[in-house]
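Report on the following structure.
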Amino acid sequence: QLQLVESGGGLVQPGGSLRLSCAISGFRIDWYVIGWFRQAPGKEREGISCLTKSGASTNYLDSVKGRFTISRDNAKNTVYLQMNSLKPEGSASYSCAAAPAYACSGGPAFYKHWGQGTQVTVSS
């Protein structure tokens, strides 16, 4: 059974950095496309970026382009989201998700397997 577990969230000052991890079990990550999303209280879920099994990445959120980077470690069956220059408006629950597809999508409905999320709070 496919499971995704996020980790790496926490409290960070504005301008700081965090690296989130998405550990996948049950299936190899190179069989799926993996996306990162975030949702702040009272707000809609936003697609951040996606990684295909070929290693191609797509960025969807203009406000974090150039600051957030998605990557993977196939040996560890883990996908990462490196977040630099964090801003208070980046405070949210960050989730990873998987879809058995070849091409990426930034829409949450595309993904059928979700992690529980990890909380990121950017505050001084």
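Values reported hereafter were calculated over all heavy atoms of this structure, with side chains retained and with hydrogens, waters and symmetry mates removed.
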Any chance you could measure [X], atom [atom1], to [Y], atom [atom2], to the nearest 0.5 Å?
X     : Y      : atom1 : atom2 : answer
Tyr94 : Ile48  : OH    : CD1   : 5.0 Å
Ser93 : Gln116 : OG    : CD    : 9.0 Å
Met83 : Ser17  : CE    : OG    : 8.5 Å
Leu81 : Cys96  : CG    : SG    : 10.0 Å
Glu46 : Phe37  : CD    : CZ    : 11.0 Å
Ser21 : Leu4   : OG    : CG    : 12.5 Å

Least distance between heavy atoms, Ser124 atom then Pro14 atom: N-CD, 3.7 Å

Nearest heavy-atom neighbours spanning Gly106 and Tyr60: N-CZ, 3.4 Å

Do [X] and [Y] come within less than 4.5 Å of each other through their side chains, counting heavy atoms only?
X      : Y      : value
Tyr80  : Cys22  : no
Ser49  : Thr58  : no
Arg38  : Leu61  : yes
Gln82  : Arg67  : no
Pro108 : Trp114 : yes
Phe110 : Cys104 : no
Val33  : Tyr111 : yes
Leu20  : Thr118 : yes

Count I, L, V, M, F, W, Y as connected when their side-chain heavy atoms are under 4.5 Å apart, and connections chain through other members. Are [X] and [Y] then in the same cluster?
X     : Y     : answer
Val64 : Ile70 : yes
Phe27 : Ile34 : yes
Leu51 : Leu2  : yes

NZ (Lys76) with more than 12 external heavy atoms under 6.0 Å: no

For [X] and [Y], indicate whether the former's side chain and the latter's backbone hold a donor-acceptor pair under 3.5 Å.
X      : Y      : result
Gln3   : Ser25  : no
Gln119 : Ala92  : yes
Thr52  : Tyr102 : no
Asn77  : Ile24  : yes
Arg45  : Ser95  : no

Pair Phe68 and Trp36, ring centroids less than 6.0 Å apart: no

